[in-house]
Number of protein chains: 2
Amino acid sequence: MAEGGAGPGGGESLLFLTDEQLRKGIEAMFFAYRGFTADPDRILESKEYGRAHHRALHFIHRSPGTTVNNLLSILGVTKQSLNRVLRTLIEDGLVESRVGRKDKRERHLFLTTTGDALERELSEAQRGRMRAAYRAAGPQAVAGFRQVLEAMMEPEMRRQYQTLRDAGL
Amino acid sequence: MAEGGAGPGGGESLLFLTDEQLRKGIEAMFFAYRGFTADPDRILESKEYGRAHHRALHFIHRSPGTTVNNLLSILGVTKQSLNRVLRTLIEDGLVESRVGRKDKRERHLFLTTTGDALERELSEAQRGRMRAAYRAAGPQAVAGFRQVLEAMMEPEMRRQYQTLRDAGL
DNA sequence: CTTGGAAAGTCAACAAGGCTGACATAAAAT
DNA sequence: ATTTTATGTCAGCCTTGTTGACTTTCCAAG
């Protein structure tokens, strides 16, 4: 690995914080993110959808009944941008939009059977790669991976993430 | 962290490979990548450049004198797409393109003083967040982080990454 | 009951950054 | 002499993001 070696005295070295190590981490994020999205992207390009549709399907699957506003804050895009994606998913019968009972202005989003099938196909492809990477690296590495990623998030997104992480699901 | 706990007998548990754990990892990648690009993006939006320009500047900085073809294979885009970005960077005097001595068909790319200044501004912002995340997570977590990311890359990209990782720089 | 404002949706216009296809040039390789 | 490689460029298209303006619906406070 070329790490280790420490300095003169050894012990609690801060060599992992050098600009050089940070640059390697930056490139690792860049290349890994490409791998991360590669499999779903391949599936999507055959169908008439893109990565934006995948993201919507993922988060509706994760939180069935979520409102459009919730989705907006998680995805961090404008409502116009999300609406374009959502409209095609609803038209194509992958997502169902139900008017809220308590607040009828809100729309609650659910996956249909068809939508669930596509979501599963996409997420199984993505999990496949993830599983291989996890298995290759081992549980301790995975724990470190999650720690660093969590520390890298914007505080607001970290809250979104942790809410789900800490809940039953 | 809610992990641990192991199964009945304990020891070498595979609980870190459940679909649930994998889904958390997937979302961690999604949210963390947003944080990862947030700071450079903020700087770029004030200037007239985008993330594509940042990527070009980064890899030219990393490998001064690299050819257009090298850059294409690293970035994984078409030459038309890269050329658009490269043309503006050259016109604006951030990148210099020199005809190859040995093979005059090739163009070797270098950052000018101005280009280097922007690259440094962008990468310092990005390293700042990375450094904070590394420091918060600690050296062991960082090692795991790198291991998982590396295992997640497409094999071809892993080679690109390791070439640089293993070299002096 | 009226009105203010929030939630949602829609239309139009635009930009960045991907893509394909076609074509041009120069130089290396065969 | 011919073919292949490296690069650049023009034109056109797509996805996914943006802003701004406007409407409809409907809750809630005055």
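Just so you know, these numbers come straight off a predicted model, no measurement behind them. Lettering of chains follows the sequences in order, A, B, ..., and the numbering in each one begins at 1.
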Practice task
Provide, to the nearest angstrom, the distance between the CZ atom belonging to A/Arg107 and the C1' atom belonging to C/dA7.
Solution key: 8 Å
Problem - Connected via hydrophobic side-chain network under 4.5 Å: B/Leu75 and B/Tyr49 - result: yes
Practice task
Write down the distance between NZ (A/Lys47) and P (D/dT15), rounded to a whole number of angstrom.
Solution key: 16 Å
Exercise for the section: Can you measure from CG (B/Leu82) to CD1 (B/Ile74) and round to the nearest 0.5 angstrom? Expected result: 10.5 Å
Exercise for the section: Take the protein atom CG of A/Leu71 and the nucleotide atom P of D/dT16, then report the distance between them rounded to whole Å. Expected result: 15 Å
Practice task
Would you kindly give the CD-to-C1' distance between A/Glu91 and C/dG9, to the nearest whole Å?
Solution key: 13 Å
Problem - Spacing between A/Leu109 atom CG and C/dA7 atom P, to the nearest angstrom - result: 15 Å
Handout entry: B/Asp39 and its salt bridge (charged side-chain N to carboxylate O under 4.0 Å, His left out) partner, picked from B/Arg51, B/Arg129, B/Arg34, B/Arg127
Key = B/Arg129
Problem - For atom CG of A/Leu44 and atom P of D/dC14, their distance in whole Å - result: 18 Å
Practice task
Using atom CG of B/Asp41 as one end and atom C1' of D/dT16 as the other, report the distance to the nearest whole Å.
Solution key: 14 Å
Handout entry: Spatial distance of atom OG1 (B/Thr67) from atom CG (B/Leu109) [nearest 0.5 Å]
Key = 7.5 Å
Might you list the N or O atoms of the protein lying below 3.5 Å from N or O atoms in nucleotides 12-21 of chain C, with each pair's distance?
residue, atom, partner, partner atom, Å
C/dG17, OP1, B/Arg51, N, 3.0
C/dG17, N7, B/Arg84, NH1, 3.4
C/dG18, OP1, B/Arg55, NH2, 2.2
C/dG18, N7, B/Arg84, NH2, 2.5
C/dC19, OP2, B/Thr78, N, 2.6
C/dC19, OP2, B/Thr78, OG1, 2.9
C/dG21, O6, B/Gln80, NE2, 2.8

Practice task
With the side chain counted from C-beta on, respond yes when A/Gln126 and A/His58 share a heavy-atom pair under 4.5 Å apart, and no when they do not.
Solution key: no
Exercise for the section: Ignoring hydrogens and angles, answer whether the base of D/dT5 and the side-chain atoms of B/Arg105 contain a donor-acceptor pair closer than 3.5 Å. Expected result: yes
Exercise for the section: Assess the pair A/Phe16 and B/Phe145: is the distance between their ring centroids shorter than 6.0 Å? Expected result: no
Exercise for the section: Report the nucleotide, chosen from D/dA6, C/dT10, C/dG5, that has the shortest atom-to-atom distance to any side-chain atom of A/Asn83. Expected result: C/dT10
Completion exercise
d(B/Arg131 CZ, B/Glu124 CD) to nearest 0.5 Å is 8.0 Å
Practice task
Using only side-chain N and O atoms of B/Asn69, determine if any of them is under 4.0 Å from OP1 or OP2 of D/dT5.
Solution key: no
Handout entry: Between P of D/dT16 and CZ of A/Arg87, the distance in whole Å
Key = 13 Å
Handout entry: Among C/dA7, C/dA28, D/dT9, the one nearest A/Glu106 by side-chain distance
Key = C/dA7
Exercise for the section: Assign each of B/Leu86 and A/Lys104 to its nearest nucleotide of DNA chain D by heavy atoms, then name whichever residue's nucleotide is nearer the 5' end. Expected result: B/Leu86
